[in-house]
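Quick notes on the structure that follows.
The chains referred to below are lettered A, B, ... by the order of the sequence lines, with proteins before strands, and numbering in each begins at 1.
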Protein chains: 2
Amino acid sequence: MRNFIAMTDVQNRPYHHGDLRRAIIETALDMLRDDKNWQFTLREVARRAGVSHAAPYKHFPDKAALLVELAMIGFDRLREALAGAKPEAPQSLLEEITPISLAYVAFGTDNPALYRLMFSAEEGRAVGMHLDQRALAVFDVVLDMLGRGQAAGTIRKRPVRGQATAAWALIHGITLLAIDGLLVPEKVGSAPLDAAIATLVDGLAIPQPNT
Amino acid sequence: MRNFIAMTDVQNRPYHHGDLRRAIIETALDMLRDDKNWQFTLREVARRAGVSHAAPYKHFPDKAALLVELAMIGFDRLREALAGAKPEAPQSLLEEITPISLAYVAFGTDNPALYRLMFSAEEGRAVGMHLDQRALAVFDVVLDMLGRGQAAGTIRKRPVRGQATAAWALIHGITLLAIDGLLVPEKVGSAPLDAAIATLVDGLAIPQPNT
DNA sequence: GATACATTGTTGACAGTGGTAACATTGCGA
DNA sequence: TCGCAATGTTACCACTGTCAACAATGTATC
């Protein structure tokens with residue numbers, strides 16, 4: 001790779017970029033970060049990368065392929081975000097659910113376009129994505145947490161995949177509602193996120209008689 | 001309105017359609033029903049309505065305006081679907097939650113493109129939509145159900161809007177997951193929908209000591 | 001080192017899209 | 001009846017994704 005050469009410099013630039021594939025992905029991620037309002041054109045990516053509009057086709061068969069690539073990176077980052085939110089020494093296992101849930105929602109609201117991308121994926125391509133190991137790893141975080149909770153006797157004895165689905169659905173749903181700006185107080189009250197997580201915890205935890 | 005004239009008949013057709021606005025909406029709804037894979041072009045609507053590609057602009061300022069109109073119809077239909085699913089004489093109030101939840105998810109999976117439309121709404125336009133009376137009416141169904149449950153002592157005493165948000169988020173989330181085909185058994189188990197609703201009910205209901 | 005080939009760029013085209021402007025036709029009220 | 005507002009049509013614009021043809025470069029082989 002030719003160091004010390006700004007690839008976006010239109011002047012004296014080598015004919016071959018050298019690392020265009022990575023440059024395209026990073027440029028696209030930048031655009032996803034900026035453009036909240038979800039207009040994402042391949043030509044704009046090429047423009048920002050300082051390259052002709054057809055150049056990306058040498059690295060991705062079509063636009064959807066690039067989007068899938070970006071989405072997979074999103075799953076990696078989401079998994080990292082959840083892992084980083086897991087408390088060191090959780091007092092009660094249930095206390096683990098709240099910070100992880102908040103981290104999930106925060107990831108969505110911090111990266112709205114990327115998060116939406118991870119669940120868009122036209123024509124059933126989403127299925128393949130979500131069965132990929134990198135996406136399953138996110139789900140495994142939830143499965144693991146609930147499984148340990150069942151073993152510890154704090155979480156209801158139910159099929160753990162069903163419980164994980166409930167948690168996933170609720171957090172996914174409220175993340176999207178938050179991204180779309182739909183959690184307005186006059187409709188959902190003053191603390192919708194906390195309330196939703198509280199109800200989720202109540203649905204998962206074995207009720208304590210004294211509380 | 002000129003009766004007995006098929007407006008899609010290319011031959012002897014009057015210059016003026018007579019009821020193009022309604023025709024456009026119905027054609028668009030048809031397209032939403034057919035096209036699962038979410039390509040919805042204004043020109044295709046015009047084509048199917050047998051009219052030039054610029055004609056719709058005499059009735060809608062732009063494409064987004066038509067989409068909003070369609071989404072509002074979606075909210076009406078969703079409210080009707082939920083109302084129709086409410087049992088006549090519910091034994092326990094909690095038993096009301098399950099059929100209504102199932103009806104909600106069924107509406108989404110039966111009308112995937114329309115349901116997605118109701119939550120797409122580019123650039124914050126969704127907020128206005130969801131604060132419209134026709135959309136709030138859907139939420140009111142949930143609020144009313146939970147409020148009665150609290151009064152009857154079967155549902156936890158918590159801010160009802162927060163509980164409704166939890167229910168909305170979970171059902172909305174699992175509806176989208178179902179629409180996207182993401183509820184594959186190897187990931188979420190064999191009965192993800194029932195499991196999710198069960199966890200929701202547990203989170204809303206006051207736990208019974210004997211169960 | 002010269003040469004052939006695969007890689008990776010560029011340009012230019014195509015069809016299709018949302019949207020606007022200019023124009024044509026019609027309905028309807030003064 | 002006349003004139004205007006409403007509602008159609010056509011022609012155009014900029015833009016998109018995608019492809020084919022061509023140009024420049026890196027690289028393996030003799």
Distance in angstrom units between [X] [atom1] and [N] [atom2], rounded:
| X | N | atom1 | atom2 | value |
| --- | --- | --- | --- | --- |
| A/H59 | C/dA6 | NE2 | P | 18 Å |
| B/K58 | C/dC23 | NZ | P | 13 Å |
| A/D19 | D/dG26 | CG | C1' | 15 Å |
| B/F60 | D/dG8 | CZ | C1' | 15 Å |
| B/L20 | D/dT9 | CG | C1' | 13 Å |

List the atom pairs, donor and acceptor, that lie under 3.5 Å between side-chain atoms in residues 165-175 of chain B and the rest of the protein, sequence neighbours left out.
residue, atom, partner, partner atom, Å
B/T165, OG1, A/V188, O, 3.4
B/T165, OG1, B/R161, O, 2.6
B/H172, ND1, B/Y115, OH, 2.6
B/T175, OG1, B/I171, O, 2.6

Less than 4.5 Å apart, any side-chain heavy atom of [X] and any of [Y]?
| X | Y | result |
| --- | --- | --- |
| B/L29 | B/R77 | yes |
| A/D144 | A/K86 | yes |
| B/F119 | A/L177 | yes |

Angle between the two end axes of the helix from C/dG1-D/dC30 to C/dA30-D/dT1, five base pairs per end, rounded to 10 degrees?
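It comes to 10° between the two terminal axes.
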Looking at [Y] and [X], is there a salt bridge between them, counting it only when a charged N and a carboxylate O are closer than 4.0 Å?
| X | Y | value |
| --- | --- | --- |
| B/D180 | B/R116 | yes |
| A/R48 | A/D34 | yes |
| B/R22 | B/E26 | no |

Any side-chain donor paired with an acceptor under 3.5 Å for A/Q39 and A/E44?
no
List every contact pair, protein side and nucleotides 16-20 of chain D side both N or O, where the distance is under 3.5 Å.
residue, atom, partner, partner atom, Å
D/dT16, OP1, A/T41, OG1, 3.3
D/dT16, OP2, A/R47, NH2, 2.7
D/dG17, OP1, A/L42, N, 2.7
D/dG17, OP1, A/K63, NZ, 3.2
D/dG17, OP2, A/L42, N, 3.1
D/dG17, OP2, A/R43, N, 3.1
D/dG17, N7, A/R43, NH1, 2.4
D/dG17, O6, A/R43, NH1, 3.1
D/dT18, OP2, A/Y57, OH, 2.9
D/dT18, OP2, A/K63, N, 2.9
D/dT18, O5', A/Y57, OH, 3.3
D/dT18, O4, A/R43, NH1, 3.1

